[in-house]
Amino acid sequence: MKLELRRPHRWDLAPYEAQQIQRELAKEVVCADASDEIHWIAGIVIGHSRFDDRIQVAVALLSFPELLLSEQVVSEYRTRFPFVPDLLSFREIPAILQALAELTRLPDLLLVDGPGIAHPKGLGIASHLGVVLELPAIGCSKCNTVGSFVQPEVNAGSITSLVWQGEIIGTVYRSKNRVAPLFISAGHRIDRDNATRIVRESCQGYRLPEPIRIASSLLNEAKQTAREAAVATDP
DNA sequence: GCGACAG
DNA sequence: ATCTTGTCGC
């Protein structure tokens, strides 16, 4: 499937160019619910390393609210953008676009393993992707990147607010009893309450919401087989 | 036994 | 940050 980008983009950016683009894109993030009907959610997980220019991406396309797996993609991309704090999304974006292009249908919502607006510059990977593709997006991270919060109660379903610079930028959500909470923030074209609700409705007794959980295991599987192949050729 | 998580 | 392995709690 051919992806429609909101405007022409190039990816051979220098970091100073990326900073400027980041400021522009951050202004375009919409944190209101577009009320689009959500039928297909793409869970997106990115595997990246500080010292490696290979970026792996796993995408799991699930129906919603049934949460049945429809399509899956794992792909690898050689990025040209260096590892710069706060600009990680510029390293990962082209890799994700390449992976998403392999889907046969366009998702209604991107559920990304990473921050949305809960990011030092207000443009985490989920927001960046959402704006570039003009699609609703949610950031759902396993750890906090920015802001302060009080721990939600230990029972599943408890939530508290993630606050930064006097603003509520996200939700800290206990998806399962006695496990570390998730950090949910709007990515694009969604508000905090709906982002939280959709993540909640996507959790099936595991810590991670199904689309991300499945994409994570796909990524792990792919890395495992890659390692086995490497060992076989170079014992 | 499975999932979370240490480090 | 990632991956492997072991341990713990449910």
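Chain letters run A, B, ... following the sequence lines, proteins first and then strands; every chain starts at 1.
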Interface limits on DNA chain B, where chain A has a heavy atom under 4.0 Å of a nucleotide atom: dG3(B) to dC5(B)
Rounded interatomic separation in angstrom, taking CZ from R207(A) and P from dG9(C): 18 Å
Residues in salt bridge (charged side-chain N to carboxylate O under 4.0 Å, His left out) contact with E28(A), at least two apart in sequence or another chain: R6(A), R7(A)
Closest-nucleotide ordering on DNA chain C, the 5'-leading residue of R178(A) and Q224(A): Q224(A)
Nearest-Å distance for atom pair CG/P, residues D113(A) and dA1(C): 12 Å
Rounded distance in Å - NZ (K223(A)) to P (dA1(C)): 13 Å
Contacts of E167(A) that satisfy side-chain hydrogen bond (donor to acceptor under 3.5 Å, both in side chains) - sequence neighbours left out: none
Test log, rule side chain to side chain contact (heavy atoms under 4.5 Å, CB included), inputs Q56(A) and I46(A): CA-CA 6 Å; Q56(A) 295 93 16; I46(A) 305 105; over 6 Å; no
Interatomic distance, K176(A) NZ vs dC8(C) P [rounded to whole Å]: 18 Å
Residue pairs involving residues 129-183 of chain A (criterion ring pair (Phe, Tyr, Trp, His ring centres under 6.0 Å); sequence neighbours excluded): F149(A)-F183(A)
Touch class at under 4.0 angstrom, heavy-atom based, for R50(A) against every strand present: nothing
Sugar-phosphate, base or nothing in reach of Y206(A), heavy atoms under 4.0 Å: sugar-phosphate
Under 4.0 angstrom between H48(A) side-chain N/O and dT2(C) OP1 or OP2: yes
Between P of dT2(C) and CG of D52(A), the distance in whole Å: 11 Å
Partner set under ring pair (Phe, Tyr, Trp, His ring centres under 6.0 Å) for F90(A), not counting sequence neighbours: F81(A), H128(A)
Nucleotide dA1(C), atom P - distance to CG of D53(A) in whole Å: 18 Å
Pairs touching residues 97-126 of chain A that satisfy ring pair (Phe, Tyr, Trp, His ring centres under 6.0 Å), sequence neighbours left out: none
F51(A) CZ - dT2(C) P separation (whole Å): 12 Å
